[in-house]
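Down below is the structure, laid out as structure tokens.
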Amino acid sequence: MEANREYRFARLILKLGNTIIKNRDKHLRQIGLTTEQADSLQFFLYQGQATITELKDHLGVSHQTARGIVRRMEDKALVRTRKSDIDARCQQVIPTEQGREAGEVLRRNGTCTGSQLLRGLSEAEQKQFFNLLQNALKNIEN
């Protein structure tokens with residue numbers, strides 16, 4: 001009985017994750033972004049004038065991959081690049097006004113998804129759910 005419950009629980013979490021990803025992908029298509037571009041844009045919006053190298057480290061990808069993501073974001077006028085004032089070998093990435101607007105749409109969509117996810121839960125249940133999810137994530141990462 002335990003194993004069956006654990007299996008059903010894991011499947012339910014997987015279904016929840018897949019549904020969230022499906023909804024996110026739909027929202028991203030509506031604003032013309034890929035998942036990598038959306039994640040990168042959020043990174044640059046929250047980090048200020050970060051570099052491509054910092055994005056590479058954040059995403060855990062090669063420098064060429066990070067550079068390609070940034071180039072495609074430049075083509076969409078979401079960011080611009082310039083040589084770093086600190087190290088001329090590095091390119092700083094600065095979100096444009098259009099990039100900041102797209103970031104706001106991403107934030108609103110994420111907030112909407114979060115609201116749907118928590119609908120009907122009390123404040124105490126939301127805190128408990130958050131803590132349980134954090135613990136589950138730690139368990140599965142180790």
Side-chain angles (χ1 to χ4, degrees), residues 1-82 84-87 89-142:
M1 183 68 174
E2 270 310 298
N4 189 37
R5 184 182 67 185
E6 291 167 353
Y7 176 79
R8 288 189 339 227
F9 189 71
R11 297 298 305 164
L12 185 60
I13 290 173
L14 183 61
K15 186 175 181 179
L16 174 63
N18 288 339
T19 302
I20 290 170
I21 290 168
K22 180 180 167 186
N23 289 343
R24 182 179 192 226
D25 288 347
K26 181 181 83 174
H27 291 143
L28 292 178
R29 277 192 304 277
Q30 290 172 348
I31 59 175
L33 293 179
T34 65
T35 300
E36 293 81 13
Q37 291 168 353
D39 291 344
S40 299
L41 181 59
Q42 293 290 22
F43 173 77
F44 291 123
L45 287 167
Y46 288 112
Q47 294 298 318
Q49 296 179 5
T51 65
I52 293 172
T53 301
E54 290 168 325
L55 176 66
K56 170 191 76 84
D57 294 340
H58 175 74
L59 295 177
V61 298
S62 70
H63 188 77
Q64 293 95 332
T65 298
R67 180 65 191 121
I69 293 168
V70 170
R71 184 177 30 78
R72 288 184 291 281
M73 291 171 63
E74 283 181 298
D75 292 346
K76 294 180 180 184
L78 299 170
V79 298
R80 64 181 177 81
T81 58
R82 71 169 189 211
S84 169
D85 296 333
I86 299 168
D87 184 347
R89 296 172 296 172
C90 295
Q91 291 280 316
Q92 284 184 312
V93 181
I94 301 106
T96 63
E97 181 60 34
Q98 187 173 334
R100 287 188 292 278
E101 289 171 5
E104 179 58 27
V105 171
L106 292 172
R107 189 193 63 72
R108 282 194 312 265
N109 287 346
T111 300
C112 179
T113 298
S115 294
Q116 287 176 311
L117 185 63
L118 299 174
R119 186 181 304 138
L121 299 179
S122 70
E123 185 70 28
E125 289 170 328
Q126 290 178 26
K127 287 179 184 178
Q128 182 181 23
F129 184 55
F130 183 79
N131 290 332
L132 292 170
L133 286 174
Q134 282 186 314
N135 289 341
L137 183 59
K138 284 179 194 172
N139 289 343
I140 202 88
E141 286 178 335
N142 294 330

Just verifying a value: how many Å separate [X] [atom1] and [Y] [atom2], rounded to the nearest 0.5 Å?
{"X": "Asn109", "Y": "Leu28", "atom1": "CG", "atom2": "CG", "value": "8.0 Å"}
{"X": "Lys127", "Y": "Ser122", "atom1": "NZ", "atom2": "OG", "value": "10.0 Å"}
{"X": "Gln92", "Y": "Ile52", "atom1": "CD", "atom2": "CD1", "value": "10.5 Å"}
{"X": "Gln42", "Y": "Gln37", "atom1": "CD", "atom2": "CD", "value": "13.0 Å"}

Item to check | Salt-bridge contact Arg100-Glu97 (side-chain N to carboxylate O under 4.0 Å) | outcome: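 Salt bridge: yes.
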Next on the checklist: Between Lys76 and Gln98, is there a side-chain donor-acceptor contact under 3.5 Å, judged purely by atom types and distance?
Outcome noted: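 The answer is no; no qualifying pair exists.
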Next on the checklist: Between Glu74 and Thr81, do the side chains contain a donor N or O and an acceptor N or O under 3.5 Å apart?
Outcome noted: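 Yes, a side-chain donor-acceptor pair sits under 3.5 Å.
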Next on the checklist: If the condition is salt bridge (Lys or Arg N to Asp or Glu O under 4.0 Å), which residues does Arg82 pass it with, not counting sequence neighbours?
Outcome noted: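 So Arg82 forms a salt bridge (Lys or Arg N to Asp or Glu O under 4.0 Å) with Asp85.
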Next on the checklist: Assess the residue pair Val61 and Leu55 against the criterion (side chain to side chain contact (heavy atoms under 4.5 Å, CB included)); give the C-alpha distance rounded to whole Å, side-chain angles, the decisive distance to 0.1 Å, and a yes or no.
Outcome noted: CA-CA 8 Å; Val61 298; Leu55 176 66; over 6 Å; no
[X] (side chain) donor-acceptor with [Y] (main chain) under 3.5 angstrom:
{"X": "Glu104", "Y": "Glu101", "answer": "no"}
{"X": "Glu54", "Y": "Thr51", "answer": "yes"}
{"X": "Arg72", "Y": "Gly68", "answer": "yes"}
{"X": "Thr111", "Y": "Arg107", "answer": "yes"}

Checklist entry - Taking side chain as C-beta onward, heavy atoms only, is Phe44 less than 4.5 Å from Val70? => result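 Answer yes - side chains close enough.
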